[in-house]
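Note sheet for the following structure.
Each chain gets a letter, A, B and so on, in the order its sequence line appears, and its residues count up from 1.
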2 protein chains.
Amino acid sequence: MGDCGEECEAGALDRAAPPSDQDEALAQLAWAIAHPARVRLLRLLISRKACVCGELVGLMPLAQSTVSQHLKILKDAGVVQGEIDGPKVCYCVNAAGLARLKELVGGL
Amino acid sequence: MGDCGEECEAGALDRAAPPSDQDEALAQLAWAIAHPARVRLLRLLISRKACVCGELVGLMPLAQSTVSQHLKILKDAGVVQGEIDGPKVCYCVNAAGLARLKELVGGL
DNA sequence: ATTTGTTATCGTCGATGAACGATAATTAGA
DNA sequence: TCTAATTATCGTTCATCGACGATAACAAAT
């Protein structure tokens with residue numbers, strides 16, 4: 001499994017450096033999908049099984065306000081996007097945000 | 001950007017289904033890296049700039065107990081692995097866990 | 001203008017996260 | 001055995017999350 005055999009000492013590296021922007025960006029994106037409900041919402045939007053908020057609510061075992069909160073979190077993180085469509089709101093994936101998430105995770 | 005133009009209605013899908021195992025697994029892994037300090041720790045271990053807990057502490061602007069907690073979280077999530085090496089503990093990446101994270105995120 | 005339907009926000013509550021200092025546990029060496 | 005060094009755990013404090021019901025905000029139709 002893990003190969004911790006050889007000693008590996010810290011090279012010349014900033015001592016106690018503050019978190020880098022990349023670290024913060026990844027942490028923020030990861031946090032957006034760090035909840036089963038949000039993962040589910042994201043998957044539903046990706047598969048385009050549903051777009052309108054009301055439909056999403058119907059597919060989740062959660063109250064409308066709770067789903068709205070989760071959608072807001074996904075939106076604030078830039079993973080999801082919402083367009084007003086009459087009295088309803090049609091959510092869809094923000095391709096750029098999702099790509100960035102994949103890129104940052106893949107680049108680990 | 002987003003193409004929310006066409007209507008997409010929900011097909012035949014379980015109403016209010018509980019979160020699937022995959023959703024929970026991804027959420028759990030994502031949560032492990034949903035904090036800048038943990039991302040940084042993971043990056044340090046990936047680049048093998050440091051393995052021993054003490055060195056990691058020296059590279060973070062956090063108390064020893066806090067770093068230990070974050071390492072425990074990463075370990076519990078299966079992203080990191082620790083082997084006892086004398087009085088010290090040598091941490092290293094759990095390749096399988098990291099691969100699973102990448103796989104789940106990439107599969108979105 | 002009023003009503004109806006849809007979504008966002010507010011306020012609250014219980015649970016959990018994040019940080020720290022202090023202390024225990026463990027191991028190697030004197 | 002006792003000490004020194006390293007790491008994990010405990011207990012506390014403050015802040016934030018997650019969930020809900022209730023209510024406000026908004027658009028369309030009557």
Does the side chain of [Y] come within less than 4.5 Å of [X]'s, by heavy atoms?
X	Y	answer
A:Ile46	B:Leu108	yes
A:Leu74	A:His70	no
A:Leu71	A:Val89	no
B:Leu62	B:Arg40	no

Original post:
Going by number, which of residues 24-38 of chain A have a non-hydrogen atom under 4.0 Å from DNA chain C?
Top reply: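 None, since no heavy atom is under 4.0 Å.
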
**OP:** Spell out, as yes or no, whether a donor-acceptor pair under 3.5 Å connects the side chain of B:Asn94 to the backbone of B:Gly78.
**Re:**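 Yes: the side chain of B:Asn94 pairs with the backbone of B:Gly78.
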
Original post:
Where the side chain of A:Arg38 meets the backbone of B:Ala27, is there a donor-acceptor pair that is under 3.5 Å apart?
Top reply: no

Original post:
If each of A:Pro61 and B:Lys88 is mapped to the nucleotide of DNA chain D with the nearest heavy atom, which maps nearer the 5' terminus, i.e. the 5' end?
Top reply: B:Lys88

Original post:
Contact class for A:Leu62 (heavy atom, under 4.0 Å): base, sugar-phosphate, or nothing?
Top reply: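 Answer is sugar-phosphate: A:Leu62 comes under 4.0 Å of backbone atoms only.
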
Subject >> Contact interval (first through last nucleotide) of DNA chain D with protein chain A, 4.0 Å heavy-atom >> reply: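 With heavy atoms of chain A under 4.0 Å away, the range is D:dC17 to D:dA28.
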
Original post:
Of all of residues 64-78 of chain B, which get a heavy atom below 4.0 angstrom from DNA chain D, listed by number?
Top reply: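 Going residue by residue through residues 64-78 of chain B, the ones with a heavy atom under 4.0 Å of DNA chain D turn out to be B:Gln64, B:Ser65, B:Ser68, B:Lys72.
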
Original post:
What heavy-atom pair brings B:Ile73 and B:Ala32 nearest, and what distance separates the two atoms?
Top reply: CG2-CA, 4.4 Å

